[in-house]
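A short worksheet on the structure shown next.
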Amino acid sequence: MTESPNNPPDADSAEPDAAANRRSLLRAALIGGGVVGMGGLAGFAGKRLFLTEREARPKPPLGPEFTYDVSRFQQTDPAMVKFTEEKRFATGMERPRALALGADGSICVGDGSGLRRFSAAGEMLEEMPLALPVYSVAARPGGGWFVGHAGGIRVLDAAGTEAGWWAQPEGKFVPTSIAVTGAAIYVADAGGRVVVKLDPKGKKIAVIGARDLDRNLRGFVVPSPYFCVRMAPDGLLRIANPGEHQIEAFTTDGDLEIAWGRGSFAVEGFCGCCNPVSFEVFPDGSFVTCEKGLPRVKLYDAHGGFSGLVAGPEAFPEYLKAANAGTPEVLNVGIYAAIDAQGRVIVLDSVGATVRIMRRKEAAP
Amino acid sequence: MSKESDLSRRELLKTTIRGIGLLGFGGTGGYLVGRESQSETRWQIDADKCIQCGRCATDCVLEVSAVKCVHTHGMCGYCKLCTAYFEPEPVNLDEGAENQLCPTGAIARKFIEEPYYEYNILRDLCVGCGKCVKGCNMFGNGSMYLQVNHDLCINCNMCAIAVTCPAQAFRQLPASSPYKLRGKGEGGK
């Protein structure tokens, strides 16, 4: 039936037409919705699955020039090694980084959670949990320990109980090494890049080594928290300048006297950007030095002449494995040394968390 | 008959155009939803897991990888002898090509004051091989490390490097803070 204004549909036939229109509208709406939905799904899937999913075009492997290779420096001539390992024991500690010997010859080791004291035979004698990570430790005259923490020095008595806290609130105090004499305590502050001189009661009495070109002091270059101070038998302080690869001699008043050392990956020099990380002085004024990166414990005479090794890189397989694998485990780990009354070198390896007791080869039984 | 046929052709054409329009409308909507949902995360390298294997340089779908070395200057020691810049035993401590570690010359060295030098990554030259990162990690303090640069990355649904990374160092970070910079924690840039 054709509709026209002159011929309107009658009421009876209009109702079925309206119902048919509604059905048709509903069908169209459903179809339209479905089409939109399908389009949406296709668009979503296209973006999610295809448009950003690209095949990598094969590229040639990197050539040898892209490989960081220091393997030729990781082997040393065995004839240069003057010490032999007498004893090794595990500390059971997490990345230990502080080492000192007590007056009784016991070996004190510090890590992020406190101190442990061992006998030379490796037996743990004492455990001293501490609330702050330990950066350094030194024996206290009369018994006990000075313990370096970020922000201050903790004083422990012979029983291991706290006898004082010497706060160092100025700047970022990171005490990575402590040297004790009868008159003063010298603290190497890696944060301030100076050595702080304290009296026996903890009062700051001087600052040594701050940059002062009028006094010919270039300042210490300390790129990472490895900064060592020791008192030598000649009465001069020895302070590492790791960024300059040198050990510098200062009077206790802070005047620079002499310096020795040079940067080199070769065994005679100090490798990397910040070595030596620690050192110790023998009673005859000669040195034992420790390096990170290429883990080496070396010997120098009193004037800085290279005289051999205590242990070469090959003696630290766990360290080398981590270093060569490129894992960040090699960050912020070092090698530390102390010298006992028998002239043996006590070596702390942070990566292996072990203590080794090294004896001179000619003195070996 | 001819009129009816014309009418049905017009109807067919109209319906087809409507259908294509609806499909396009839905497709655009779906594309936008897809893009929005994908932009919630971004691929990034956890520098504490990275082992500088070199695959960032070779496995990215881009011709030159979106992974580049970044340098946190606040951590850097500004060393005269930078083990990320110099060959292990350089002839001289200067900018001569024979002394430089980076095969593409992507690190610039600038004198600040004796004995300090500043090192900057030349991003356009960096291919993300990680050779300098290894030198910095092994001897320095880790101020140089690799990161996916998100103005270059096309954020593949399944990152081609993440698939092959032997250290599982790739992870997805919120798109609003897609970097994991040392010394600043996650989300820094």
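With B:K80 contributing its side chain and A:E244 its backbone, the two residues share no donor-acceptor pair below 3.5 Å. For the pair B:N141 (side chain) and A:P223 (backbone), a donor-acceptor distance under 3.5 Å is present. Panel note: side chain A:E65, backbone B:P103; no donor-acceptor pair is recorded below 3.5 Å. Under a 3.5 Å cut-off, the side chain of B:K134 and the backbone N or O of A:T67 do not form any donor-acceptor pair.
Atom CD of A:E94 sits in a sparse spot, with 12 or fewer heavy atoms from other residues, nucleotides or ligands closer than 6.0 Å.
Residues B:K49 and A:T327 form no side-chain contact, since every pair of their non-hydrogen atoms from C-beta on lies 4.5 Å or further apart. Side chains of B:V133 and A:Y68 form no contact here, defined as non-hydrogen atoms less than 4.5 Å apart. Using a 4.5 Å cut-off on side-chain heavy atoms (C-beta onward), B:F139 and A:C274 make no contact. For the pair B:P115 and A:R218, the minimum side-chain heavy-atom distance is 4.5 Å or more. Inter-residue side-chain proximity for B:Y78 and A:V221 is flagged as unmet; no heavy-atom pair is nearer than 4.5 Å. In this structure, A:V70 and B:M138 have side chains that are in contact, with non-hydrogen atoms separated by less than 4.5 Å.
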Side chain to side chain contact (heavy atoms under 4.5 Å, CB included) evaluation trace for B:K131 with A:L62:
CA-CA 11 Å; B:K131 187 179 183 185; A:L62 295 174; over 6 Å; no
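Within the 4.5 angstrom heavy-atom criterion, only side-chain atoms of B:Y116, from C-beta onward, approach chain A. With a 4.5 Å cut-off on non-hydrogen atoms, A:P60 touches chain B through its backbone but not through its side chain. At a 4.5 Å heavy-atom cutoff, the contact between B:A47 and chain A is made by backbone atoms alone. No part of A:Y226 comes within reach of chain B, as not one of its non-hydrogen atoms sits under 4.5 angstrom from that chain. Contacts of A:A323 with chain B are made by both backbone and side-chain atoms, with heavy-atom separations under 4.5 Å. Neither the backbone nor the side chain of A:A322 comes within contact range of chain B; no heavy atom of the residue lies under 4.5 Å from a heavy atom of that chain. Heavy-atom distances place no part of B:C76 under 4.5 Å from chain A, backbone and side chain included.
Heavy-atom minimum distance, A:K59 versus B:C60: NZ-O, 2.9 Å.
Looking only at heavy-atom pairs under 4.5 Å with chain A, the residue among B:A84, B:G77, B:C129, B:P90 that has the most is B:C129. The choice from A:G243, A:G263, A:A325, A:G219 that makes the most heavy-atom pairs within less than 4.5 Å of chain B is A:A325.
Distance check, rounded to the nearest 0.5 Å: CG of A:L331 to OG of B:S143 gives 9.5 Å. Rounding to the nearest 0.5 Å gives a distance of 12.0 Å between CG of A:N324 and CD1 of B:I51.
A distance of 6.0 Å or more separates the ring centres of B:F86 and A:F265.
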